[in-house]
Visitor: 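This is the structure I want to talk about, given as structure tokens.
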Amino acid sequence: MEKYIEEQSQILKARVGNNPILLLISGGVDSTVVAALLLKIFNGEQIHLMYMDTGLMRKNETTAVRAILEKLGAKNIYVINAQEEFLNALKGKIDPEEKRKVIGDLFISIQEREVARLGLSGDYFLAQGSIRADFVESGDSNGKKVNVVKSHHNVASPLVVAKRQAGKVIEPLSQFYKYEVRELGKFLGIDEEIVNRHPFPGPGLAVRVLGEVTKEKCDILREADAIYIEELKNRRNKAGKSLYDDIWQAFTVLLPIRSVGVINTSAANNEENAERKYGWVLALRAVNSSDGMTANVYPFETRDLLEISRRITNNVKEIGRVTYDISGKPPATIEWE
Ligand code: XMP
């Protein structure tokens, strides 16, 4: 890692010179590690970190991201509140690829607008936290044709393509697998809790609210997801490790269907008095993987699942039913969209 940082330092300094570098921060591990790397190599004034609150982030994410970046010594942090723009653009969109495209394009156009507002020179470099898996799954693996599983916005967008042609894209993690990104992050002094955070997709909750995305649905998902993650952090496996650390990636998915249930359990025994409720269905996902290319379903103890499910339905009243996704990758992908 030390040698890698030294090498990157020489390469990047020669390429970039005194030009500004703009890094889009997603809130995930990858872009945080790139931020730490750039802040180590370059003067903090040269690095501009832009984080867009798309309204598709996890609970309390924006506050947490700002705190992390400040701790890394960032000088120029721009938090853009773009919640309404994203939610408006997603209105009525149900096709997964279309949703991803809408988000990717809007991301770039807002970035362009906000960068113009910053007044950075046109020669600015665009840094990204793309890792090896992003290229393979975007059909761009070292020139080889690979089936496009999904278009990842951080690789396929027109502005990135233009910047790439101009030789102005910096992707220091492009050859890294996820576990290597984590090692680099630890080496750069990022807190273990942040480095060990599960991966989070660029389009955020939009790929976890299936079908049309609305603020209400995002709010429901955020609450349920926060409970799930908190439970995983508090529960231990037989070896005493937290379930969160034992799992590679865990999250919840809000399905576009509702199902019937009963509100009052004592009344449920009496068909006539039972109050019926029409609640959303939530899926829990938990997989183990080394790089996201293939994944195995996490073998929970039944009791953990039952207790987590109960806590979610007791606390998030809009959710009426919880299921556990038991499909591995392949044939399923890790995310549902
Ligand atoms: P799938 O769902 O394709 O995902 O099995 C493999 C891994 O990639 C993450 N993922 C993304 N990461 N931008 C990202 O940065 C994206 O658009 C994206 N889509 C999926 C996913 O969470 C899993 O870890």
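Just follow the structure's listing: the first ligand is 1, and inside any ligand the first atom is 1. Heavy-atom basis, side chains included; hydrogens, waters and symmetry copies ignored.
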Visitor: Please list, in number order, the atoms of ligand 1 under 4.0 Å from a heavy atom of P203.
Guide: 13 (N), 16 (C), 17 (O)
Visitor: Of all the heavy atoms in R100, does at least one lie under 4.0 Å from an atom in ligand 1?
Guide: yes
Visitor: Classify the contact between P201 and ligand 1 as side chain, backbone, both or neither, using a heavy-atom distance cut-off of under 4.0 Å.
Guide: both
Visitor: Just going by heavy-atom distances, which of S26, A295, G202 is nearest to atom 13 (N) of ligand 1?
Guide: G202
Visitor: Do we get R58 above F200's six-membered ring, with its NZ or CZ under 6.0 Å from the centre and within 45° of the axis?
Guide: yes
Visitor: Is the NZ or CZ atom of R208 positioned over F251's six-membered ring, under 6.0 angstrom from the centre and within 45° of the axis?
Guide: yes
Visitor: Name the residue from L205, L56, I227, T252 that meets the side-chain contact (heavy atoms from CB on, under 4.5 Å) definition with R222.
Guide: L205
Visitor: Below 4.0 angstrom from a heavy atom of G292, which ligand 1 atoms are there? Numbered from 1 as shown, please.
Guide: 6 (C)
Visitor: Please determine, by modelled atom types, if S174 and S130 share a side-chain donor-acceptor pair under 3.5 angstrom.
Guide: no
Visitor: Using a 4.0 Å heavy-atom threshold (strictly under), name the region of W248 that reaches ligand 1: side chain, backbone, both or neither.
Guide: side chain
Visitor: In terms of side-chain heavy atoms, does D246 have a donor or acceptor partner in N237 at a distance below 3.5 Å?
Guide: yes
Visitor: Side-chain donor-acceptor pairs under 3.5 Å in residues 42-50, sequence neighbours left out?
Guide:
residue: N43; atom: OD1; partner: E45; partner atom: N; Å: 2.8
residue: Q46; atom: NE2; partner: G17; partner atom: O; Å: 2.8
residue: Q46; atom: NE2; partner: N19; partner atom: O; Å: 2.9
residue: H48; atom: ND1; partner: Y78; partner atom: OH; Å: 2.7

Visitor: Side chain or backbone, does K329 bring an N or O within less than 3.5 Å of an N or O on ligand 1?
Guide: yes
Visitor: Considering only heavy atoms of P199, which atoms of ligand 1 have at least one such atom less than 4.0 Å away?
Guide: 24 (O)
